[in-house]
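Below is one structure, written out as structure tokens; the observations come after it.
Whatever order the structure lists ligands and atoms in, that order sets their numbers, starting from 1. By convention here, the first residue in the shown sequence is residue 1.
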Amino acid sequence: MPFDVQTSAAAADRTQPNSRPIALWLLTVAGMVWAMVAIGGATRLTGSGLSIMEWAPLSGTLPPLSEAEWQRLYDLYRTIPQYALVNQGFGLAGFKEIFWLEWFHRLWGRLIGLAYALPLLWFWLRGRIPAGLKPRLLLLLALGGLQGAVGWFMVASGFEADRTAVSPYRLVTHLGLALVLYAALLWTGLSLLRPQPAAPHPATRSVRRQVKAAVWLLVATMLAGGFVAGIRAGFDYNTFPLMEGRWVPEGYWRLEPLWTNLTTNIPAVQFNHRLLATLATLAALGAAFAGWRRLPAGPARQACLGLAGAACLQYALGVAALLLVVPVWLGTLHQACAVLVLTAALIALHALREPRRAK
Ligand code: HEM
């Protein structure tokens, strides 16, 4: 039988009745994860992340309700190096200021868990979930739980002797897993809304290749950005495009073993992020140009243009954050806009997807 996209799309629609509510649920949870990434950025940038030294998934839901409880948590906080080295003597009032954001970050995590698990149970019991989707939804549930545990693993690294911040490796793992979770939710939601792509234009395949190249570069830029955030590399070399008058900063390879320069050497980490961001943005512009010239007007072409627009906006926010020495609001916006770039990338890849062969 000849391959017929329209027929197979109709077939897919028939085999997945009522998948729209499931798609909307997953997209809502994805939106909550997006907000969580922004809240996480603000938590880090305000130095709030180490203020709660306990991992109490249930009892930690409520904030301290008595002066004695506030004092107990403050006394705990006073035992860690960050207090002695950064916040010594800021008092209970100062502690309360850094407490609330971390508490809200954790509360929002719990709410995401509920917003995912309760509808999952409901759709499952009512037999609304297509059989093929069940393993993926369970995997997403497990990934969400893992993200909470990784978050605590990251926070715990900040309590070690002589440390005033968390391990950059754990921070990048936590950010990376959040992005994976977000991407999986969004992709699954989009796939339920549009189970089969429309008949592809002949140029789709080559434009898709270009978009993929841009997306890999963007992902590498995001991970490199995690290291910039993790070692506070954005608070040095606050000029653009040169770094202390040079294209490649002095001391790029100053650490041994050499690979540690990629993750813990401020000039190298910042330079790499700039370089990758520049290559990624150029690749996104190239893909948009190809899409604009070769694809017919429609969602796929718009998605390519959207990706380039999001990458340019993120690039400009990155430069501004650097020049202004990372004010909290701008650092948070840059972190949130990374998710916008990821969203645009996934929408573009989804719009350019290869059609599944009819069985
Ligand atoms: C498409 C381009 C870019 C992407 C996808 C991207 C992505 C990211 C990500 C995911 C982070 C870690 C989380 C955070 O924002 O704190 C980050 C951090 C950072 N980026 Fe970018 N970035 C891009 C371009 C740039 C550019 C061009 C610059 C400056 C030249 C820049 C400067 C920074 C700085 C200073 C930080 C650390 C901010 C902080 O400490 O909170 N970024 N970036």
Check: Any chance the side chains of R136 and T188 put a donor and an acceptor closer than 3.5 Å?
Finding: yes
Margin query: Measuring only between side-chain heavy atoms, which start at C-beta, is Q82 closer than 4.5 Å to F159?
Written below: no
Note to self: Which of the protein's N, O or S atoms come within less than 2.8 Å of atom 21 (Fe) of ligand 1, not counting waters?
What the structure shows: H273 NE2, H334 NE2
Check: For ligand 1, which atoms, with element, lie under 4.0 Å from some heavy atom of L218?
Finding: 1 (C)
Checklist line | Protein heavy atom at shortest distance from atom 14 (C) of ligand 1 | finding: Q335 OE1, 3.1 Å
Note to self: I need the contact type for L45 against ligand 1. Using non-hydrogen atoms and a strict under-4.0 Å cut-off, is it side chain, backbone, both or neither?
What the structure shows: side chain
Note to self: For the CZ atom on R205, are there more than 12 heavy atoms of other groups (residues, nucleotides or ligands in this structure) within a distance under 6.0 Å?
What the structure shows: no
Checklist line | Part of R44 within contact of ligand 1 (heavy atoms, under 4.0 Å) | finding: side chain
Next item on the list: Tell me, yes or no, whether the heavy-atom count around K96 atom NZ, taken from other residues, nucleotides or ligands under 6.0 Å, exceeds 12.
Entry: yes
Check: How about N261 and R254: does a side-chain donor come under 3.5 Å of a side-chain acceptor?
Finding: no
Checklist line | Cation-pi geometry met for R170 and F153 (6.0 Å, 45°) | finding: yes
Margin query: Using modelled atom types and a 3.5 Å cut-off, is there a donor and acceptor pairing between side-chain atoms of Q335 and backbone atoms of V37?
Written below: yes
Notebook entry, point to check: Any luck finding a side-chain donor-acceptor pair between Q88 and R78 under 3.5 Å?
Noted result: no
Notebook entry, point to check: For ligand 1, which atoms, with element, lie under 4.0 Å from some heavy atom of A229?
Noted result: 16 (O), 40 (O)
Margin query: Within ligand 1, which atoms have a heavy atom of F240 less than 4.0 Å away?
Written below: 30 (C)
Next item on the list: Please check if any side-chain donor atom of S191 sits under 3.5 Å from a side-chain acceptor atom of H350, or the reverse.
Entry: yes
Next item on the list: Output the list of atoms in ligand 1 that are nearer than 4.0 Å to some heavy atom of Y315, sorted by atom number.
Entry: 27 (C)
Notebook entry, point to check: Against heavy atoms of V326, which atoms of ligand 1 measure under 4.0 Å?
Noted result: 38 (C), 39 (C), 40 (O), 41 (O)
Next item on the list: Report yes or no: do S157 and Y169 form a side-chain donor-acceptor pair below 3.5 Å?
Entry: no
Notebook entry, point to check: In ligand 1, which numbered atoms sit nearer than 4.0 Å to a non-hydrogen atom of T281?
Noted result: 1 (C)
